[in-house]
Protein chains: 4
Amino acid sequence: MKTSDKRTDVLQAALELITERGFHGAPMAEIAKKAGVAAGTIYRYFESKDMLITELHRELEDRIVAALRDGYPSGRPLRERFLYLIGALLRYLIAHPLHFRYMEQYFNSPYGISLHRDRLLGKPGSHDILMDIFKQGMEERVIKEFPKAVLFSLAFGPMISLLRDHILGFIVLDDTLIEQITEACWDSIKRNNTA
Amino acid sequence: MKTSDKRTDVLQAALELITERGFHGAPMAEIAKKAGVAAGTIYRYFESKDMLITELHRELEDRIVAALRDGYPSGRPLRERFLYLIGALLRYLIAHPLHFRYMEQYFNSPYGISLHRDRLLGKPGSHDILMDIFKQGMEERVIKEFPKAVLFSLAFGPMISLLRDHILGFIVLDDTLIEQITEACWDSIKRNNTA
Amino acid sequence: MKTSDKRTDVLQAALELITERGFHGAPMAEIAKKAGVAAGTIYRYFESKDMLITELHRELEDRIVAALRDGYPSGRPLRERFLYLIGALLRYLIAHPLHFRYMEQYFNSPYGISLHRDRLLGKPGSHDILMDIFKQGMEERVIKEFPKAVLFSLAFGPMISLLRDHILGFIVLDDTLIEQITEACWDSIKRNNTA
Amino acid sequence: MKTSDKRTDVLQAALELITERGFHGAPMAEIAKKAGVAAGTIYRYFESKDMLITELHRELEDRIVAALRDGYPSGRPLRERFLYLIGALLRYLIAHPLHFRYMEQYFNSPYGISLHRDRLLGKPGSHDILMDIFKQGMEERVIKEFPKAVLFSLAFGPMISLLRDHILGFIVLDDTLIEQITEACWDSIKRNNTA
DNA sequence: GATGAATGAGGCTTCATTCAT
DNA sequence: CATGAATGAAGCCTCATTCAT
């Protein structure tokens with residue numbers, strides 16, 4: 001049994017180094033050293049530093065999407081599905097702070113700019129799930145009449161900000177708080193029953 | 001009247017180049033050229049590239065804070081003051097997309113990591129204004145009982161996400177939409193007077 | 001019957017790759033791939049890349065010399081033997097452009113510099129044949145009184161230049177032209193019997 | 001008075017190193033050291049190693065062409081002009097063996113391949129002079145009826161071969177010999193007055 | 001103060017060669 | 001014998017910073 005697949009080692013080393021020091025503070029030589037391989041070895045698995053960075057992004061994204069799909073309460077009411085999605089993502093990223101940090105950096109770099117809208121939840125998978133919720137919600141007049149991008153921002157914007165604070169130790173996001181926060185997000189997009 | 005203060009020229013050139021190409025895509029030599037000065041000249045005004053970057057951040061922050069203070073309806077009700085703050089910031093950043101882009105990059109770089117909590121509204125100034133609103137709001141039971149960091153994220157998180165979309169052209173933030181969005185933010189932090 | 005001797009495959013692959021891209025555009029790994037063997041395998045047959053290159057040179061040289069010997073009209077008059085030699089070489093290299101390209105590259109590289117005089121026809125074999133012609137020719141006062149190196153250059157120099165043009169498609173060397181050219185070469189070394 | 005223009009120093013160092021060791025045996029770092037400058041300095045004058053190599057080629061070519069033009073006996077008979085051209089080139093390259101070695105290497109590399117026909121005498125200048133001689137010579141039926149490329153090869157091919165031998169010390173090209181050789185070249189292209 | 005040529009450390013990448021399987 | 005993953009030295013180039021003018 002091989003515990004160490006070199007490709008995986010490189011990705012992990014890159015993840016750690018890049019989240020800690022940024023793309024430009026993570027030379028290939030250092031990534032190699034941290035991964036326990038020679039510098040040249042990285043190039044057997046990744047065409048270039050850019051490719052390594054892009055590939056790592058893709059892998060993390062896949063894992064995140066998988067985490068969101070897993071346990072998604074398809075048949076349940078709108079609100080419940082929405083709360084699940086936000087909560088699951090929040091929990092995943094709290095459990096994997098490096099993933100969060102990496103994704104954040106990626107989107108704020110020339111790499112991620114081409115990804116635009118397909119951001120944190122870019123993969124068709126989870127993105128569509130969310131969009132379905134929004135669509136259905138607006139049709140049923142449960143959710144405010146907003147462009148999807150606005151709903152998206154209201155739903156996920158706070159999370160990013162909160163995760164940073166959590167990682168930096170400014171707040172502790174325990175289960176109770178997470179629940180309250182997801183509900184607050186729901187409040188921002190749900191229609192006010194002015195009736 | 002000095003139309004061209006070299007220091008200002010350098011800052012402006014740095015702003016444009018860095019927002020367009022990132023910190024590492026903006027060599028000092030190019031900044032100098034764009035600013036119409038010699039490379040060495042920059043070092044008369046800034047100790048190093050890092051200092052230039054930090055200084056630029058500080059200047060932008062100052063201007064943003066000033067913009068928020070200006071016209072702030074001190075004596076008015078809580079909700080109105082809150083809406084004003086969010087709306088003013090949104091409007092300022094829409095009017096100054098480079099400022100937004102720069103601040104975003106800054107926070108997502110090793111530079112910004114040391115800034116922690118003091119983010120977009122880091123300067124005591126505006127930050128305090130907002131914190132006062134939260135404090136008073138919670139005391140008066142108008143706003144949900146949350147750690148301030150959470151309230152902050154609920155209030156400003158969506159905005160950052162929206163600004164990106166706006167700058168990238170995915171949505172058009174006109175005055176009507178801005179008003180609706182700020183109200184949605186308010187919905188997420190205001191207490192549901194179901195009692 | 002061995003259709004594929006690995007050693008031969010490697011030499012052929014090297015020939016093709018090197019003539020196409022130069023010594024430095026032909027990595028061992030690529031030669032190996034083209035030869036259908038593993039990179040390490042090459043080192044069973046050749047001590048190093050340098051040795052491979054040198055060895056390939058030697059093999060091509062052997063084949064060229066063999067081609068010249070074959071059909072050489074030993075008993076015939078001087079002029080005829082001379083014309084045969086030039087013509088045969090020209091025809092061989094036209095038929096094997098890769099051989100020509102390789103030899104050319106070889107001589108113009110640090111490898112070939114150590115080969116000095118032993119150039120295209122370096123191997124004692126054909127070289128001697130030519131030298132005999134020159135010697136006899138001078139003795140019989142049919143050929144100009146020149147150092148052998150000069151006669152050699154007059155005889156073969158034009159050919160190299162022409163082959164390049166032919167390979168590059170600037171001229172088409174058909175049989176008629178070849179005959180005329182070999183005669184022109186003869187003109188340059190044959191004594192003008194003006195006396 | 002500046003004896004050392006850094007650009008010139010770099011070109012000279014490159015010339016020496018490349019002729020001695022080939023393009024790939026002449027690292028930029030070494031060229032820099034030999035030129036007495038820092039590695040990075042080269043890039044102020046040349047965009048890349050390729051550009052340096054190409055530029056050096058151009059400069060040498062210019063000098064050679066200038067040497068050929070200088071003293072060219074425009075008004076004199078065809079034969080004299082031809083002999084002058086060959087002789088002048090031969091003399092120039094004997095006096096500047098590094099130039100010859102460099103040009104040779106250049107043409108036998110991927111760089112020079114794109115130069116094709118425009119070889120040693122590529123610059124319109126001298127090339128045209130030669131072509132004019134050929135054209136006029138054929139019209140006046142003084143020169144054999146050959147494609148220009150063939151005449152060119154007959155005229156210059158031997159020279160290249162001879163220069164190598166000279167540089168390697170196999171022969172000594174003194175003025176007497178040079179004159180005889182140029183005449184031999186003339187013999188190869190001039191029409192045989194079979195009349 | 002201003003200039004910009006010069007510096008040289010450091011980054012990314014290639015590739016000949018080795019060696020465990 | 002053959003394999004091909006791994007190695008790491010070495011090459012090209014960039015760019016923040018300095019300093020003589």
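In what follows, every chain begins at residue 1, and chains take the letters A, B, ... in the order their sequences are listed.
Of the possible donor and acceptor atoms, none in the side chain of C:Tyr102 sits under 3.5 Å from a partner among the backbone N and O of C:Pro97.
By the 4.0 Å N-to-carboxylate-O rule, B:Arg58 lies close enough to B:Glu55 to be salt-bridged with it. Residues D:Glu30 and D:Lys33 are not paired through a salt bridge, judged by the lack of any N-O separation under 4.0 Å between the basic side chain and the carboxylate.
Residue D:Asp9 contributes atom CG, which lies 11 Å from atom P of E:dT7 at whole-angstrom precision. Between D:Ile53 atom CD1 and F:dG11 atom P there is a gap of 14 Å when expressed in whole angstrom units. One can place CZ of A:Phe46 at 18 Å from C1' of E:dT14, the figure rounded to the nearest angstrom. Remark: P of E:dG1 and CZ of B:Arg7 are 13 Å apart, rounded to the nearest angstrom. Atom CG in A:Asp5 sits roughly 12 Å away from atom C1' in F:dA5 (whole-Å rounding). Atom NZ of B:Lys33 and atom P of E:dA5 are 12 Å apart (whole Å). At whole-Å resolution of the value, NZ in A:Lys6 and C1' in F:dG4 are 13 Å apart. Regarding A:Arg44, its CZ atom lies at a distance of 15 Å from the P atom of F:dG8, rounded to whole Å.
By the 30° and 60° cut-offs, the orientation of the rings of C:Tyr106 relative to C:His57 is parallel.
Among the heavy atoms of the strands lying under 4.0 Å from A:Tyr45 are primed sugar atoms or P, OP1, OP2 only; no base atom is included.
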task = For salt bridge (Lys or Arg N to Asp or Glu O under 4.0 Å), just list the numbers for B:Glu16 and B:Arg21, CA-CA rounded to whole Å, side-chain angles, deciding distance to a tenth of an Å, and then say yes or no.
result = CA-CA 9 Å; B:Glu16 291 171 21; B:Arg21 308 200 207 145; over 6 Å; no
request  = Heavy atoms under 4.0 Å is the rule here; annotate nucleotides 14-21 of chain F 5' to 3' with B where the base is hit, S where only the sugar-phosphate is, and - elsewhere.
outcome  = BSSBB---
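With 3.5 Å as the limit, one finds a donor-acceptor pair spanning the side chains of B:Arg164 and A:Asn108.
Taking a pair to require two hydrogen-bonding distances under 3.5 Å in either a Watson-Crick or a G-U wobble arrangement, E:dA6 pairs with F:dT17.
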